[in-house]
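Just follow the structure's listing: the first ligand is 1, and inside any ligand the first atom is 1.
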Amino acid sequence: MPHFCDAIACCPCLYDDETKIGREVHQRITNEIKKAKKLARREIKLLLLGTEEAGKSTVIKQMRIIHGKEFADEKSRAKWVQSVRENVLESIHILLRNLEKLDIPLGDRGNQEHATRVMDAAKKHYDASAVPEVFHAIAALWQDEGIRECYRRRAEFRFIYLSDSSKYFLDQVTVLADPKYIPTQQDILRVRKSSTGVQEYWFSVKGCSFRVVDVGGQRSERRKWTHCFEKVNAMIFVASLSDFDQELLDKTANNYEDRTVNRMEESLALFNVVIQDRFLQTASIILLLNKTDIFQEKLQERNLADYFPDYAHFQPESQPAPGPKKDPQTAGQYVLSKYMAIKDYHVAGKSASSSTEKDEQGKVWRPQPKTKNGQLMFAHFTCATDTKNMKLITKAVEDRLAEEALSIMALRV
Ligand SMILES: Nc1nc2c(ncn2[C@@H]2O[C@H](COP(=O)(O)OP(=O)(O)OP(=O)(O)O)[C@@H](O)[C@H]2O)c(=O)[nH]1
Ligand SMILES: [Mg+2]
């Protein structure tokens, strides 16, 4: 093979140093490319999917809090003031609209003026200068016996639902009206803001860089999802346990036909679709059965079997006899079994049953992982607004995925 200098037909000694430098540069670039490739392999792409309001963005907010970069300083939290106040205004507006629908009179007729003030404000864009006056009206209305009655009967609302955080914010309405108000981390976790488009966040754990992708769960948003399915290492499917008694509010429907879909059925149907997607066939699946707090509350007032009749005959494998129907653990196991049945259906030769185990706190259930082309599935019961609970879950999820990624890398090296 001709020497580099021979090739350009000149004296080798003249170019010896340059050859050396050239080789070094070449080596350095090669090493950097290798390093970049290694890093790219180390990146773990986590995709969060689920129906609207399931809690996807809240899970990501928790990851951002847990990794210590977000919402720690007042300046970053101050950016959420408007969103918090808009949530409060929207909540009282929804209560006033349902007050009318359910034909409940205001407890104090004098509050009619406040109701008109609030209805007017809700029709306009957010106006910071109007906050003191509007929030004074909201505070008066939230104490009104008619509004309280309407809130108690919120299970009767149809299509115009209160956000799960309504009471949390309305209970502190005077604090939120204060011009010096700065949201706390918990306030930010409670904010309801529908996601649109695709948002990405990064953080690193155990030398692995995590790319977390958040999408909007509304039907109109789902057509944007397929662009994010490539090279996903793990799909986190967030399902709201508390959806069982609600019907789908489909703002995109031109007719009212779609509007009677039960929201839990919608989530199960969506899970059934995404689990079969060819791009997600090798991704680990993490199912988060979320909103355990609201689920527990609702089960005291509503009967799950009224919405899912087969619950009346449900008996978890771990229980010798059917458990009390209001018991959140039995009801949670039932919902989990619905998702597991879908997963098992797509795993050749598996029956629709799945064994589960509790963690040391008795709060998290981990079904035995099922494999299909190396695909794993884990499930956790979560309360996404509870940082302590989410710390445990995210650590378990991230450690497992980081270990998986590192062992794959070790095989490749
Ligand atoms: N009480 C309670 N509220 C929750 C929980 N998880 C989420 N929320 C609240 O539910 C609302 C909706 O949560 P998001 O995280 O915005 O839901 P999402 O899945 O991102 O919704 P889209 O962006 O529309 O797809 C927010 O007000 C959250 O604070 C939970 O476990 N318990
Ligand atoms: Mg969201």
Side-chain angles (χ1 to χ4, degrees), residues 46-66 70-71 80 83-91 94 154 161-172 176 183-201 212-225 228 235-244 246 248-252 263-264 266-267 270-271 274 286-299 328 332 335 363-364 379-394:
L46 271 181
L47 173 64
L48 277 99
L49 298 179
T51 54
E52 67 179 291
E53 280 193 277
K56 300 177 289 300
S57 302
T58 314
V59 169
I60 293 183
K61 280 182 201 165
Q62 287 284 18
M63 288 175 165
R64 293 162 73 192
I65 289 172
I66 290 162
E70 297 287 335
F71 321 130
W80 289 81
S83 302
V84 168
R85 289 185 179 150
E86 280 175 348
N87 273 204
V88 178
L89 183 57
E90 197 187 335
S91 295
I94 289 171
R154 63 193 179 282
Y161 297 116
L162 275 177
S163 135
D164 289 324
S165 306
S166 294
K167 186 173 184 304
Y168 172 83
F169 285 130
L170 283 165
D171 278 346
Q172 38 173 336
L176 310 183
T184 61
Q185 281 188 347
Q186 184 57 211
D187 294 348
I188 295 170
L189 288 166
R190 296 287 188 144
V191 166
R192 167 69 190 137
K193 201 172 180 184
S194 304
S195 305
T196 53
V198 178
Q199 301 286 331
E200 297 195 345
Y201 304 92
V212 188
V213 184
D214 188 18
V215 293
Q218 286 178 21
R219 281 186 173 191
S220 56
E221 286 293 312
R222 291 183 208 158
R223 70 179 78 101
K224 301 171 193 166
W225 286 12
C228 326
M235 185 246 302
I236 299 188
F237 191 91
V238 187
S240 166
L241 285 165
S242 68
D243 271 358
F244 73 86
Q246 292 193 328
L248 179 69
L249 176 66
D250 183 4
K251 292 175 191 144
T252 58
R263 283 170 62 148
M264 195 155 103
E266 169 85 355
S267 176
L270 185 63
F271 183 68
V274 295
I286 295 144
L287 173 67
L288 299 187
L289 293 169
N290 192 34
K291 303 199 180 180
T292 46
D293 55 335
I294 305 169
F295 188 52
Q296 192 163 351
E297 261 176 44
K298 271 194 183 174
L299 286 170
V335 179
K363 278 186 181 164
V364 184
H380 301 272
F381 286 82
T382 56
C383 174
T385 48
D386 178 350
T387 306
K388 216 168 132 200
N389 174 243
M390 289 310 291
K391 236 181 203 162
L392 277 175
I393 309 289
T394 49

Notebook entry, point to check: Taking K298 for the side chain and S242 for the main chain, is one N or O donor matched with an acceptor at less than 3.5 Å?
Noted result: yes
Next item on the list: Output all residues satisfying side chain to side chain donor-acceptor pair (under 3.5 Å) with T184, sequence neighbours left out; order by chain, then residue number.
Entry: D187
Is there a side-chain contact between [X] and [Y] in this structure, where contact means two heavy atoms from C-beta onward sitting under 4.5 Å apart?
{"X": "R263", "Y": "T51", "result": "no"}
{"X": "S267", "Y": "F237", "result": "yes"}
{"X": "L287", "Y": "L289", "result": "yes"}

Check: When you look for protein heavy atoms under 4.0 Å from ligand 1, which residues do they belong to?
Finding: T51, E52, E53, A54, G55, K56, S57, T58, S165, L189, R190, V191, R192, S194, S195, G216, G217, N290, K291, D293, I294, C383, A384, T385
Note to self: Is it the case that over 12 heavy atoms from other parts of the model lie below 6.0 angstrom from the CD atom of E90?
What the structure shows: no
Notebook entry, point to check: Less than 4.0 Å between a side-chain N and a carboxylate O, is that true for E53 and R192?
Noted result: yes
Check: Which protein N, O or S atoms lie under 2.8 Å from the Mg ion (ligand 2)?
Finding: S57 OG, S195 OG
Next item on the list: May I ask you to check whether T382 and N290 show a side-chain donor-acceptor distance below 3.5 Å?
Entry: yes
Checklist line | Counterpart residues, salt bridge (Lys or Arg N to Asp or Glu O under 4.0 Å), relative to R222 (two or more places apart) | finding: E266
